[in-house]
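Just below is one structure, and these are the notes that go with it.
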Protein chains: 2
Amino acid sequence: MISPLALAIIEDQAAIRDTLHEYLCAQPEFRCVLMAESVEAFLRDLPTAAVPPQLILSDIGLPGLTGIEGIPLIQAQLPGAQVLILSVYADAERVFEALRAGAVGYLLKNTPLAQLKENLLQVAAGGSPMSPGVARFVVQAFRHQPVAPAAFPLETLLPEPLTARELEVVRGIEDGLSYQLIADRHFISLDTVRSHIRNVYRKLQVNSKAELMARQLKRQRG
Amino acid sequence: MISPLALAIIEDQAAIRDTLHEYLCAQPEFRCVLMAESVEAFLRDLPTAAVPPQLILSDIGLPGLTGIEGIPLIQAQLPGAQVLILSVYADAERVFEALRAGAVGYLLKNTPLAQLKENLLQVAAGGSPMSPGVARFVVQAFRHQPVAPAAFPLETLLPEPLTARELEVVRGIEDGLSYQLIADRHFISLDTVRSHIRNVYRKLQVNSKAELMARQLKRQRG
DNA sequence: CGAAAAACAACATATTCATGTCATACCGCC
DNA sequence: GGCGGTATGACATGAATATGTTGTTTTTCG
C-alpha cells in the first residue's frame, strides 16, 4: 500500500455514518476525504475535498436523489471513482438497477465492519464484492440465457473419432484462438498443438483451419 | 450444522484433487461423496455414491467434456445440486458461459483453501461466491443495460454494416476458401480480397480468419 | 456537378499456419 | 516384453494470412 485510498461516504443516518467514519478512517489503508448525507451534498462539497475520492461507499435510501440515481452523476465528476453500494435493500430489482447504473459492488448493511473494510480493499484491487444473497441474484440473472447447445455435432458422423485432447484443441480453433493461445489454455507447447492439429486434419480430411471451421458451420445448419 | 454437506469434486489433476480432498474432507462441515477426474467419470460413478452430492466443485479444463458443458448434464441427474466452478481461466467469456450454464459461483484456482471452504459454505447458504476479478466481469455485464438482462449481446453490439462485396468475401471465408480462391471466384485480384478483408476486420472488430468464423459459429448457436 | 463511399489494386513486412521429420514417454494389451 | 496408440515436444521451411501505406476508378447521392 503506497498511499491510503481516498474514501468518501454517503449515508443519511448520522449514527451509521459516524460508525463507518470512525472505524474506516482508523484504518491505515483508508483516508476519509468526504462525508455526505446526500448525493446533492456530496456533489456540492466535492470541490472542497483535499483529494478526489477513489472509492465511494453509498447508501441507496437517501433524501433527495437515491444512491442509485447518484452514481452516474458522481462518475461524471469523478471518472475514475468506484461506487460501492451499502444498502438495507436486498431485492433483485434494486441490485440490478444499481449495477446497471455503474456500481461496482453491492453490500447489505448487516455486513460486519471488518468485512466491509476487506470488501472496500477488494474494490480497490479490481474486485466486485457482493453480499451472498445479492451475488446469487446476479448469477441467476445469467441462467438459462442463450446457452450453446450441449449437443456435439462433432462427435457424430466422424469418419475417425478424435481423442479428448484433439477435441480440446478443435474447440480452441472454434473459439477463434491462435495456436499459441490454445497452447496457453491447456498448458502445453505450441509444437504440441501443431502435432494434434496435424492428426485432426488427417482424421477429418481437411488442410486448414478455415476448412475445419467451414465444416463445423456446415454441420450446424445442414 | 445438523449434517455434513455432501460434496463432490471434479478435477483432472490428481495433485490438486488430492489436496482438495484432504483439506475439505477433514472439515466437519463436509462429507466427500464422490471424486472424479472428468464429467464423464462423475456421471458414471454417480450411482455408486452413498449420498447424492449437494455441492459440486468442478474444474473447467477437463479431458472430454468441459466443466461448463457438464453442468446441465449434472443438473439433469441432480436437480438440487449446486455447481461451483474452480478454474484457472479468468476470462469474461468463460465466466459468462459458466453462469449461463447454471454455475452458482466461480472461483479461481489461486483461492486459498480456507477461503474455498468458506465459499463452499456460502454456496450452501444461498450465496454465489466469485473471485474478485470474476465478480467484476459479472457486474460490468450489467452496466448501461437498458432493462432486464434478458439477452446478453456481447456480439450484438451492432456491427457496422458490411457492403455487398464485403459480404461475398466473408461468404468465401465461411466456405473455407483461401484468399486466392476467393479472388478467383469473383474475378478480382488477391490484393483486392485482402483489402476487403481488412475493412471487414475493422468493422467486425476481429483480427483473424479464425475469429471471424468463430463469430459466425457463435451467432448460429447463440 | 462534386463529394463521399465503395471497389479495385499494388507493394512491403511481420506473423501465423501447414507440413515434414524426428524423438521421448506413458499406457493398455495380447 | 513388444506393439500400437496417444501425448508430448523440437526444428525447419514454404505457404498463407494480417496489416500498413498508398493509390486509381467507379458508383452513389445530396
Side-chain angles (χ1 to χ4, degrees), chain A residues 154-155 158-217, chain B residues 11-15 17 37-38 40-41 44 59 61-66 158-217:
Chain A
L154 191 58
E155 263 107 357
L158 277 185
E160 233 181 302
L162 300 186
T163 68
R165 210 43 157 173
E166 286 165 353
L167 273 173
E168 288 175 345
V169 172
V170 168
R171 278 192 211 110
I173 301 237
E174 288 173 25
D175 289 342
L177 305 179
S178 69
Y179 289 180
Q180 186 58 63
L181 286 176
I182 295 172
D184 294 346
R185 182 193 268 196
H186 298 296
F187 308 108
I188 58 181
S189 90
L190 180 59
D191 277 313
T192 300
V193 175
R194 284 197 242 265
S195 208
H196 288 307
I197 292 280
R198 210 196 313 267
N199 292 326
V200 169
Y201 283 7
R202 179 182 44 74
K203 288 183 181 178
L204 301 190
Q205 306 271 292
V206 296
N207 300 287
S208 74
K209 241 187 192 190
E211 278 182 57
L212 176 61
M213 299 183 80
R215 198 192 151 88
Q216 293 305 94
L217 269 172
Chain B
E11 163 65 56
D12 59 331
Q13 292 178 67
R17 192 171 62 239
E37 78 282 350
S38 71
E40 290 87 337
R44 166 170 44 80
D59 190 15
L62 297 167
L65 291 173
T66 68
L158 47 135
E160 220 175 311
L162 301 186
T163 68
R165 212 40 158 176
E166 286 166 352
L167 274 175
E168 287 178 342
V169 171
V170 168
R171 274 190 219 109
I173 294 202
E174 287 174 28
D175 290 342
L177 305 180
S178 69
Y179 290 179
Q180 185 59 64
L181 286 176
I182 294 172
D184 294 347
R185 183 195 267 195
H186 298 295
F187 308 107
I188 57 181
S189 89
L190 179 58
D191 276 314
T192 299
V193 174
R194 284 196 239 265
S195 203
H196 289 309
I197 294 279
R198 204 195 319 267
N199 291 328
V200 169
Y201 282 8
R202 177 181 47 73
K203 288 184 181 178
L204 300 189
Q205 305 268 293
V206 297
N207 301 288
S208 73
K209 236 188 197 190
E211 276 182 58
L212 176 61
M213 299 183 80
R215 200 190 147 86
Q216 299 304 100
L217 267 173

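Convention: sequence-line order gives letters A, B, ...; per-chain numbering from 1.
- Put simply, CE on B:M213 is 17 Å from P on D:dA16, counting in whole angstrom units.
- Following rounding to the nearest Å, B:I197 (CD1) and C:dA6 (C1') show an atom-to-atom distance of 16 Å.
- Rounded to a whole Å, the CD atom of A:E211 is 13 Å from the C1' atom of D:dA16.
- Atom CG in A:L212 sits about 18 Å away from atom P in D:dA16, given to the nearest Å.
- Taking 4.5 Å as the limit, every side-chain heavy atom of A:Y201 sits out of range of all side-chain heavy atoms of A:H196.
- The distance from atom CD of B:Q180 to atom P of D:dT17 is 10 Å, rounded to the nearest whole Å.
- In this structure, CG of B:L177 is placed 15 Å from C1' of D:dT17, rounded to the nearest angstrom.
- Between the CD atom of A:E168 and the C1' atom of D:dT6 there is a distance of 13 Å, given to the nearest Å.
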B/S/- contact track for nucleotides 7-12 of chain D, protein heavy atom under 4.0 Å: SBBBB-
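- The shortest side-chain heavy-atom distance between B:E11 and B:E37 does not fall under the 4.5 Å cut-off.
- With contacts defined as side-chain heavy-atom distances shorter than 4.5 Å, the pair A:V169/A:V200 does not qualify.
- Note on B:E168 versus B:R185: no salt bridge recorded, every NZ/NE/NH1/NH2 to OD/OE distance being 4.0 Å or above.
- To the nearest angstrom, P of D:dT19 lies 13 Å from CG of B:L204.
- Between A:I188 and A:R165, the closest side-chain pair of non-hydrogen atoms falls below 4.5 Å.
- In this model, a donor atom of one side chain and an acceptor atom of the other lie less than 3.5 Å apart for B:T192 and B:S189.
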